[in-house]
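First listed ligand is number 1; within each ligand, the first listed atom is number 1. No experiment lies behind these values; they were computed from the predicted model shown.
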Amino acid sequence: MGLLDRNEKLFYSVVRKYVEQIMPLVYTPVVGLACQNFGLIYRRPRGIFITIHDKGHVYEVLKNWPETDVRVIVVTDGERILGLGDQGACGMGIPIGKLSLYTALAGIKPHQCLPITIDVGTNNESHLKDPLYIGLRQNRVRGQEYDDLIEEFMTAVVQRFGQNTLIQFEDFGNSNAFRLLEKYRNGYCTFNDDIQGTASVAVAGLLATLRRRRGEPRHRSAVRDGHGSGGHPQEEARKKIWMVDSRGLIVKDRPEGGVSGDKVHYAHEHEPIKALADVVKTVKPSILIGAAAIGGAFTTEILQEMAKNNKRPIIFALSNPTSKAECTAEQAYTATNGTAIFASGSPFDPVTINGKTFHPGQGNNSYIFPGVGLAAVCAGIRTIGEDHFLIAAEALANLVNEEDLQKGSIYPPLSTITECSVKIATKIISYSYKKGNVSVYPEPKDKEEFVRAQMYNTNYQSALPSIYSFPKL
Ligand SMILES: O=C([O-])CC(=O)C(=O)O
Ligand SMILES: [Mg+2]
């Protein structure tokens, strides 16, 4: 961050050039640690903090931001920072990290990015007691007062920066995240990265996996083919998905606590089962996806059971940071004797068993949101829907080549992630022009060239004296 303060362009140039080495620092897992210690390591302000006491003045607060051409906002209220829970105002590390990736991985210009934290208090006792805590020392405000603040924020953003400003919701608590997405998705250019971005990267991984398991041609899209074609009506598809939450398997008439929200669509006629290991034994799934931030939830017993029931068990340990991963890459490959197709939200090093080296893919929404945002900014997309995330997933899956699959990875290499963003953005833009859901006209002929022309250029190496030449890390 010191380098970013001193020389912005060099910072982004370094991140882009050394994505694999630097991404774990500005992003998961180190960003999680940075949030937990944010008060201690805080040097210079970055982004805007809006507190519950700013109610009635949110527009004025936004007016204080010196840049007028803001195109992407990442906003958090700090309630669910990665899998680390409530970090209050210290959650600011996340919008800062996400927006660094927007610039490094999708070429959104730094001055067009604005990190925002909405501080309504925290229920994290250790932060509240910490003399270095940077946020409001009070418990979280909820209910009408909270909703009013968010509503005022959304309106103020549009008033200040325009209707096309992308507002990305990040790391809100579950109940607010789903509610706010429903409330704003059709009226604003907005999406929830944890719900939609993460789903998209998981779908991309599954599409690539299908190719690997069945040797199908590259362009086949299982999810899309099922859509509306009558092959797999939604009900049939839902029956194949079994979900487990903190109270166990999601079943109809569950005695303990029932089933809330969207989970009802996945409630099966089945007797309740409490433990995940028993669910895996009974249901015998071919794919196991973890996204509940319970580190180590995929035990050796569970992984072995997956291997017993499947030639190629698919294991996604998506929770972040590394300490919250459901299992490590090594555990997944070891317990399944190298048969697992494994991906994780946070990075893991390659693993060698019996002389064979496996390269786990990073199933993280960072493969998706930069490209989606780039499309939104370039074409002035009005609203962002599930269709955009499905297109992003398909585009990403199609970028996985045979070599990646052979190495055990179901995502393209991190070193190509900027190219992935360009391809995803191009696909989304083409689709959006067809739907007329854009505000930039005339329609560009060559969409990819149109995207590339708008991207921030970090390549000033030729103008640099040789002391700036990049060493091999
Ligand atoms: O930040 C990440 O690495 C992915 C993400 O959105 C989360 O875990 O909340
Ligand atoms: Mg997140």
query: For the Mg ion (ligand 2), which protein N/O/S atoms are closer than 2.8 Å?
result: E170 OE2, D171 OD1, D194 OD1
For residues 317-325, dump all side-chain donor-acceptor pairs below 3.5 Å to protein atoms at least two apart in sequence or in another chain.
unit_1	atom_1	unit_2	atom_2	d
S319	OG	A292	N	3.3
S319	OG	A293	N	2.8
S319	OG	E326	OE2	2.6
N320	OD1	S346	N	3.0
N320	OD1	S346	OG	2.7

Pair T117-D119, side-chain donor/acceptor within less than 3.5 Å: no
query: Can D86 and N123 be counted as having a side-chain donor-acceptor contact under 3.5 angstrom?
result: no
- request: Kindly assign one of parallel, tilted or perpendicular to the pair Y367 and Y411, based on the angle between their ring planes and the thresholds 30° and 60°.
  value: parallel
field: Check: F169 ring centre within less than 6.0 Å of F191 ring centre
entry: no
- prompt: Can the ring centroids of Y102 and F369 be said to lie less than 6.0 angstrom from one another?
  reply: yes
- request: Check for a donor-acceptor pair, side chain of H388 on one end and backbone N or O of G385 on the other, with a separation under 3.5 Å.
  value: yes
message: Using the side chain to side chain donor-acceptor pair (under 3.5 Å) criterion, which residues pair with R179? Sequence neighbours excluded.
response: D147, N176
statement: Sorted by chain and residue number, the residues having a heavy atom closer than 4.0 Å to an atom of ligand 1 are Y27, T28, R80, L82, K98, E170, D171, D193, D194, N320, N364, N365
Intermediate values then yes/no, salt bridge (Lys or Arg N to Asp or Glu O under 4.0 Å), R185 and E386: CA-CA 10 Å; R185 67 191 311 165; E386 308 299 14; 2.7 Å; yes
